[in-house]
There are 2 protein chains.
Amino acid sequence: MKVSSRGEYALRSLLLLGQHQGQILPISEIAEKTMVTVKYLEQIMHQLKKLGYVDSKRGMQGGYTLRFPPEEINVGEVIRKLEGPLSPMGCASVTSYERCSLEAGCLLKPLWVLVRDKIAEVLDQTTLEDLLQRKIKPDAGGSLLVKN
Amino acid sequence: MKVSSRGEYALRSLLLLGQHQGQILPISEIAEKTMVTVKYLEQIMHQLKKLGYVDSKRGMQGGYTLRFPPEEINVGEVIRKLEGPLSPMGCASVTSYERCSLEAGCLLKPLWVLVRDKIAEVLDQTTLEDLLQRKIKPDAGGSLLVKN
DNA sequence: TCTATACTCGACTAATCAAGTAAACATTTT
DNA sequence: AAAATGTTTACTTGATTAGTCGAGTATAGA
């Protein structure tokens, strides 16, 4: 159930840019602060640019900036665009459902749907701004099983 | 955030054995019903045996049985044993925490911790018996906007 | 225009995972 | 003994992920 390194590094970079709004950060500085090699980060920043999350400026004093204010950048969306659906199984995905021949009587699908919903609930309701403001609430918990 | 095919197939097999308690199912039948090739399933069943979830019997009328009643088999535990921690990032794992040098001021960790807790909450509270009885409750969750 | 700095592109290596193949071997039942 | 079944080990192929490397292009500023 891992998030890929690309997803993690991309979010790190977006957060750093969010902490320096109005400034242009060169990739060398982003690399240093996020602990990612310049060369690997180049690929990730390029991807973020193609996805429209950042703008870049070339030449001296060049670098990257956030294209939208942090409150408009949704974490679930970033992760989906970088590494595909949040769902643990294709059959439970809302955004890119995959049919499965077992599905009719599948005892597992309701579980994966529930897990997907829990993950999506967190990530789709979180923006970059929430992270910057440390607004993530610890888990409340609760019972999950039907009583009978 | 995927569950591996091994995890899915292992759970399918355990569920099938749970539906046929008291019977010995040959691998050929398990393979057919779970839609997994016999050869790949052999590897998975071997792993499940080493982990203590199933017993095997050789020779004719041989096959696999569940070693414990379904209510004693915890889904979170099965997945952890087959594919490692539930947490999306090592830094947020309870069962196998990994240190990260950025951790001190990390804005991302609280998010990963929350996601981990949500996943663990579902999977650690679910047993094979819950799945067999279709006791999984759909998500109550707030208004989650569906992105694409 | 020169040039330092930054971004772009493509090739390449290495590791891991999924899925399947193959073959030799051990038991158990008939 | 023969047939059926599981056990074990090792190899293969393809996809994806995680990086690395080197050379090239664009641009701001002196």
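Throughout, protein chains are lettered first and strands after them, A, B, ... in sequence-line order, and every chain is numbered starting at 1.
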Give the rounded distance in Å between these two atoms: [atom1] of [X] and [atom2] of [N].
{"X": "A/Glu29", "N": "C/dC7", "atom1": "CD", "atom2": "P", "result": "11 Å"}
{"X": "A/Met60", "N": "C/dA6", "atom1": "CE", "atom2": "C1'", "result": "10 Å"}
{"X": "B/Arg6", "N": "C/dG20", "atom1": "CZ", "atom2": "P", "result": "12 Å"}
{"X": "B/Lys2", "N": "D/dA15", "atom1": "NZ", "atom2": "P", "result": "19 Å"}
{"X": "B/Met89", "N": "D/dA18", "atom1": "CE", "atom2": "C1'", "result": "13 Å"}
{"X": "A/Glu83", "N": "D/dA15", "atom1": "CD", "atom2": "C1'", "result": "16 Å"}

Is a donor on one side and an acceptor on the other found under 3.5 Å between the side chain of A/Asp124 and the backbone of A/Glu121?
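No, the answer is negative, given that no donor and acceptor are paired below the 3.5 Å cut-off.
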With DNA chain D as reference, determine whether B/Tyr64 or A/Ser5 sits nearer its 5' end, using the nearest nucleotide of each.
B/Tyr64
B/Ser56: which of B/Lys49, B/Arg67, B/His46 passes side-chain hydrogen bond (donor to acceptor under 3.5 Å, both in side chains):
B/Lys49
Sorted by number, the residues of residues 39-58 of chain B with heavy-atom contact under 4.0 Å to DNA chain D:
B/Glu42, B/His46, B/Lys49, B/Ser56, B/Lys57, B/Arg58
Smallest separation among heavy atoms of A/Leu15 and A/Leu132, with atom names:
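Looking at all heavy atoms of both residues, the shortest contact is O-CD2, 3.6 Å.
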Taking only Lys NZ, Arg NE, NH1 and NH2, and the carboxylate oxygens of Asp or Glu, determine whether [X] and [Y] approach each other closer than 4.0 Å.
{"X": "B/Glu103", "Y": "B/Lys109", "value": "yes"}
{"X": "A/Lys118", "Y": "B/Asp117", "value": "no"}
{"X": "A/Arg80", "Y": "A/Glu77", "value": "no"}

Which part of the nucleic acid, if any, lies within reach of A/Thr37 when heavy atoms closer than 4.0 Å are counted: base, sugar-phosphate only, or nothing?
sugar-phosphate
Which nucleotide in the set C/dA18, C/dC7, C/dT29 lies at the smallest distance from any side-chain heavy atom of A/Ile27?
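Nearest listed nucleotide: C/dC7.
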Considering just the side-chain nitrogens and oxygens of A/Ser4, establish if one lies under 4.0 Å of OP1 or OP2 belonging to D/dT16.
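For D/dT16, OP1/OP2 do not have a side-chain N/O of A/Ser4 under 4.0 Å.
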Any side-chain N or O of A/Tyr9 below 4.0 angstrom from OP1/OP2 of D/dG19?
yes
Do any pairs count as a side chain to side chain donor-acceptor pair (under 3.5 Å) and have a residue in residues 23-33 of chain B, sequence neighbours left out, and if so which ones?
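Passing the test, one end in residues 23-33 of chain B: B/Glu29-B/Lys33.
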